[in-house]
Each structure stands twice: as C-alpha cells, then as structure tokens.
Q: 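My structure is below; once you've seen it, I'll send some questions.
Here, residue 1 is the first one in the sequence, and each next residue gets the next number. Note that the coordinates shown come from a computational prediction; the quantities given were computed from them, not determined experimentally.
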Amino acid sequence: MSTGFRPVRGGGVAIELDAGEASILRSLVTQILGLVQPGPTGDDPLERALGIGAAQEPSDPVLARLFPSAYADDDKASSEFRRYTEATLRDGKRADAETLLETAEQGRVELTGDQAEAWLRALNDVRLALGVRLEVTEEIHEELAEMRDDDPRYPAFVTYDWLTYLQDTLVRALW
C-alpha cells in the first residue's frame, strides 16, 4: 500500500502507487466523470449557448451531494443559483477528474501544485460519492474496526478509508 503523498523539493508532491492502486483510482474517477457530464439546459438557444442549466435539484443522492443546494431555507434562490452555476461546477469537476486520469499511473507520480489541488478536489468528489452510496456516518472507523473481512461491504469501506488517507496525506504534503 502507498505511503501517501510527500512534498518534493522545488514544489509539488509525489506518491508511489502500485498497479492496483492506480487502477482503483482511475476506475473510481472514471465513474465520477460519468456522473458529472454536462447537465440538461433549457430549450432557449441562448441558455444552451451560455450553459444555463436546469433549476431543479438532482434526484440522484450522489449528484445532490456533489452539487448541494446553496440555500437550505430558500428553494427559489437555490434553484436560481443552481441554474447559473451548476454547468461551471460540472466543468470544474470534469477537469479535476481528467487531471487525475492523465497523471495516475503505476510507480512514482509527481504532481505540480495545480495538479495536486485538482487531485485533492477529485479525491474529495470520489469520497463524497462513495460515502453517499455506503451511507457513511461519523462512526465509520468504529464500524470498519468491527467489520469482518468476509462482509460484502468490507472492500468498499476499506477503499473509502484508503481514499481518506490519501486525501489527508495530500493535504499535509501541500500545506
């Protein structure tokens, strides 16, 4: 298993990934990339040209977590905010995922500061999505400690824990 991210002389960070780790990261980020494809736009040609999207909150709980409502107590304001910002947010999430896909490979991976920040955001998106699917709570570490390795959920929970570790070491290496 990877020893996590380390700062490198001259700036940036590095990590040593084995083939399995690189494959898991690429697979999970590819799934996120599929989720954050451009959303629907209105029928108006100007709206389509400007990327003004739909105003309704996504029905998929993962997308709702990745693109949360901006105003918890004001549905109208949340809808308007979503309408004008979600397309840009989706573009950013796709760019971050693509950066990770372009750089995640077996062996030593060195990232510039900008690439590392894209990785940080992409890892966060993967963790959020997986956390929603696994219904992760604050007690994840206690639950994982008590979980038997033949539990069918075990690999997914261990993967979530590993992603948390990677994200933590990346934050520490950057700052």
Side-chain angles (χ1 to χ4, degrees), residues 2 4-5 15 17 20-42 47-48 51-104 111 115-147 151-171 174:
S2 165
F5 287 92
I15 188 169
L17 295 174
E21 291 169 329
S23 178
I24 289 168
L25 283 171
R26 294 177 63 77
S27 174
L28 291 170
V29 170
T30 298
Q31 291 175 45
I32 294 299
L33 196 54
L35 282 173
V36 297
Q37 289 305 311
T41 58
E47 285 183 7
R48 282 196 308 267
I52 297 173
Q56 69 272 9
E57 185 174 343
S59 59
D60 180 342
V62 170
L63 287 175
R65 183 69 176 107
L66 292 173
F67 303 104
S69 292
Y71 305 98
D73 298 333
D74 189 339
D75 290 341
K76 184 176 181 188
S78 279
S79 293
E80 282 302 297
F81 185 82
R82 177 178 307 281
R83 189 167 172 242
Y84 293 105
T85 61
E86 189 172 311
T88 303
L89 292 172
R90 284 177 181 266
D91 290 345
K93 289 182 183 301
R94 281 195 311 278
D96 294 337
E98 289 166 358
T99 296
L100 192 147
L101 287 174
E102 291 167 1
T103 55
L111 303 172
Q115 289 171 323
E117 289 180 19
W119 268 62
L120 190 58
R121 291 185 298 268
L123 287 172
N124 190 59
D125 289 343
V126 170
R127 284 187 64 249
L128 287 173
L130 190 55
V132 168
R133 295 288 190 236
L134 296 174
E135 299 177 350
V136 169
T137 65
E138 295 286 327
E139 291 79 34
I140 183 173
H141 296 291
E142 293 84 12
E143 191 173 347
L144 188 55
E146 295 174 9
M147 193 178 291
D151 185 314
R153 302 171 302 152
Y154 185 77
F157 274 86
V158 169
T159 300
Y160 181 87
D161 195 47
W162 174 67
L163 292 167
T164 301
Y165 166 75
L166 288 181
Q167 189 174 32
D168 178 63
T169 63
L170 181 51
V171 167
L174 284 170

Q: Test side chain to side chain contact (heavy atoms under 4.5 Å, CB included) on Val126 and Leu100; report intermediate values, then the result.
A: CA-CA 11 Å; Val126 170; Leu100 192 147; over 6 Å; no

Q: Quick check: do Val36 and Asp125 have side-chain heavy atoms less than 4.5 Å from each other?
A: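 Sidechains of Asp125 and Val36: no contact.
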
Q: If you round to the nearest 0.5 Å, how far is CG of Leu130 from CG of Leu123?
A: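 Interatomic distance, Leu123 CG to Leu130 CG, rounded to 0.5 Å: 12.0 Å.
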
Q: Given the rule in the side chain to side chain contact (heavy atoms under 4.5 Å, CB included) test, do Leu163 and Leu25 qualify, once you have shown the distances and angles that lead to the verdict?
A: CA-CA 9 Å; Leu163 292 167; Leu25 283 171; 3.9 Å; yes

Q: Quick test of your reading of the model: are Glu98 and Arg94 salt-bridged, counting only N-O distances below 4.0 Å?
A: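 Salt bridge absent between Glu98 and Arg94.
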
Q: Side chains of Ile32 and Lys93, heavy atoms from C-beta outward: is any pair under 4.5 Å?
A: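 Side-chain contact under 4.5 Å: no.
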
Q: Hey, which of Leu174, Asp168, Leu166 is the one that makes side-chain contact (heavy atoms from CB on, under 4.5 Å) with Leu170?
A: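 Option passing the side-chain contact (heavy atoms from CB on, under 4.5 Å) with Leu170: Leu174.
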
Q: How far apart are the C-alpha atoms of Arg90 and Glu86, what are their side-chain angles, what is the distance that settles it, and do they pass the salt bridge (charged side-chain N to carboxylate O under 4.0 Å, His left out) test?
A: CA-CA 6 Å; Arg90 284 177 181 266; Glu86 189 172 311; 2.9 Å; yes

Q: Please assess Val62 against Arg133 for the test side chain to side chain contact (heavy atoms under 4.5 Å, CB included), listing each intermediate value before the final yes or no.
A: CA-CA 7 Å; Val62 170; Arg133 295 288 190 236; 3.1 Å; yes

Q: Tell me, do Asn124 and Asp96 make a side-chain contact under 4.5 Å, heavy atoms counted?
A: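 The answer is no; the side chains never approach within 4.5 Å.
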
Q: Under the 3.5 angstrom rule, does the side chain of Tyr160 hit a backbone N or O of Gly131 as a donor-acceptor pair?
A: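 The answer is no, because no donor-acceptor pair under 3.5 Å joins these two groups.
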
Q: In the structure I gave you, are the side-chain heavy atoms of Asp151 and Phe157 within less than 4.5 Å of one another anywhere?
A: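 Of all side-chain heavy-atom pairs linking Phe157 with Asp151, none is under 4.5 Å.
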
Q: Check this for me: Asp74, atom CG, are more than 12 non-hydrogen atoms of other residues, nucleotides or ligands nearer than 6.0 Å?
A: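 Result for CG/Asp74: enclosed.
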
Q: Within 45° of the axis and under 6.0 Å from the centre of the six-membered ring of Phe67, does NZ or CZ of Arg82 qualify?
A: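 Not satisfied by the 6.0 Å and 45° rule.
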
Q: Near Arg65 CZ, under 6.0 Å, is it more than 12 heavy atoms from other residues, nucleotides or ligands?
A: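 No.
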
Q: What do you reckon, is CD of Glu142 surrounded by more than 12 foreign heavy atoms closer than 6.0 Å?
A: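 Enclosed: over 12 neighbouring heavy atoms sit under 6.0 Å from CD of Glu142.
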
